[in-house]
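Remember, it's 1-based here, ligands and their atoms both numbered in the order they're listed. Any value given below was found using the heavy atoms of this structure, including those in side chains, with hydrogens, waters and symmetry copies removed.
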Amino acid sequence: MTSRIIGTGSYVPAQVVTNEDLAKIVDTSDEWIAGRTGIRQRRVVREEGTSHMAAEAARKALENAGIDEKELDLILMGTTSPDHCFPSGACEVQEAIGAVNACGFDVSAACSGFLFALSTMQAFIQAGIYRTGLVIGADCISKLVDWKDRSTCVLFGDGAGAAVVRAEDTGVIHTVMKSDGAKWNVLSCVSRTGGNFINGITTEPGFITMDGQEVFKFAVKTVPACIHQVLEESGVSIDEVKYFVLHQANYRIVESVAKRLKQPMDKFPMNMEFYGNTSAATVPILLDEMNRAGKLNKGDKIVMSGFGAGLTWGATLLEW
Ligand code: COA
C-alpha cells in the first residue's frame, strides 16, 4: 500500500503586495527583485492567520477529492508559522473542517514542510496505521519578516496548499528526506515567546535572518543530488518524469537545478512571480494549480522537491 493524492486545494490571501509597493517602504525596485528572484508580487494576510488559510485549502482539497471530512484519519500540517506555539495548527484545522475522527499534528521543516509531512503520512499509510489523510503546507511568513529588512522582506508571501491522500496500490513511489543541523543558523527565526525566570522580561520578537548566498549555493547543489537519489533508488529514469514541482523560492534556483539535471525548462512549472516564496505552501499551491488546469494525468510521474531552514531538503517521486 502507498499513499495516492486524490484531491488538492489551495488558498492565498486577497491582498496583493507588488514590488512597487515594497519600493515605497524599503530601498528596492521591481527590477532588482524580479531580476534576482522572478517574484513580482506576493499575497499578504490582513486578518486571517495560518490555520484559517490552511482550513480553506483543506476544504477545497476535500471537495476536489470528493470525500467527507469525517473519513480523515490523520491531518499533518507542515508549518513554521503556526498561529499558536501550541496546540498544533493541525488541531485548529481539524476543528474548522469538522474532521472529528482524525488525529492531527504539525511537522516543522520550514520550506520542506509539505514534503516532510507527506513523507510522514506515507509512513503511517504504508505501515497500515491510517488509510485516509490530509497533508497541508501553510505559512504566514509576513508575520516573521522584518518589513524594514530589504534582504528578506521582498522574498516571501503567505498562503496554504493541501492534498488529500488515500491508501492505494499506486501513488508515492519513494521519498528522500535530509537535514544538516550544522547549518541551522544560515536561515532562522528566533522563537516569539520567552518569559524569563530571572528578570521576568519577555524576549523581544525576532525576525527571519538569512545568509542568502549560502542558501542559494546549498539549494542548487542539494536539490539535483536528492532528485537523482530518489530516482536511482526507485529505478526510474529521469526522462520518465513529466514534471519537477520544485519549491518556489527563486527562478534562478529552478533554472540552475534544471540545467544540472539536463532537463528542459518546460518540465519545471513556476508561479513565484505571483505569490513569492510561501514556504511550506509553495509545492502544494503549485500542485493544485497544475491539477486544476488539467495538467496531471493518471500514470504521470512527478518529482516534488523542497529545501529550506534546518537546513532541510528532500524529494518525493510519485505516480499521479
Ligand atoms: N533591493 C535592492 N538591493 C538589495 C536588496 C533588495 N531587496 N536586497 C539586498 N540588496 C543589495 C545588497 O545590500 C547588496 O548591496 P551591496 O553590494 O551594496 O552590499 C546587493 O544587493 C547584493 O546583495 P547579495 O545578497 O549579494 O545579492 P544576491 O545576488 O545574493 O541576491 C538573494 C540575494 C537573496 C536574491 C539571493 O542570494 C537568493 O535568492 N538566495 C536564496 C534565498 C532564498 O531563496 N531563501 C529562502 C530559501 S527557503
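- In this structure, atom 17 (O) of ligand 1 is not in close contact with the protein, since no protein heavy atom lies within 4.0 Å of it.
- Note that CD1 of Ile125 and CG of Asp73 are 8.0 Å apart. Values are rounded to the nearest 0.5 Å.
- Residue His247 places no N or O, backbone or side chain, under 3.5 Å from any N or O of ligand 1.
- With rounding to the nearest 0.5 Å, the separation of CD in Glu20 from CD1 in Ile33 is 8.5 Å.
- Checked against a 3.5 angstrom limit, the closest N/O atoms of Gln213 and ligand 1 fall inside it.
- Distance check for atom 1 (N) of ligand 1: a protein heavy atom is found below 4.0 Å.
- The ligand atoms of ligand 1 that sit less than 4.0 angstrom from a heavy atom of Cys111 are 48 (S).
- One side chain, Asp158 or Ser142, offers a donor N or O that lies under 3.5 Å from an acceptor on the other.
- In this structure, atom 32 (C) of ligand 1 has its sub-4.0 angstrom surroundings free of protein heavy atoms.
- Taking only non-hydrogen atoms, the option from Arg252, Arg150, Glu214 nearest to atom 15 (O) of ligand 1 is Arg150.
- Contact annotation for atom 44 (O) of ligand 1: protein present (non-hydrogen atoms, distance under 4.0 Å).
- Under a 4.0 Å N-O distance rule, the pair Asp300/Lys295 does not qualify as a salt bridge.
- The shortest N or O to N or O distance between Asn250 and ligand 1 is below 3.5 Å.
- Among Ser279, Ala309, Gly308, Gly212, the residue whose heavy atom lies nearest to atom 41 (C) of ligand 1 is Gly212.
- For atom 35 (C) of ligand 1, the closest non-hydrogen atom on the protein side is Thr37 CG2, 3.8 Å.
- Within the 4.0 Å heavy-atom cutoff, Val26 does not count among the residues contacting ligand 1.
- Not a single N or O atom of Asn277, backbone or side chain, sits closer than 3.5 Å to an N or O atom of ligand 1.
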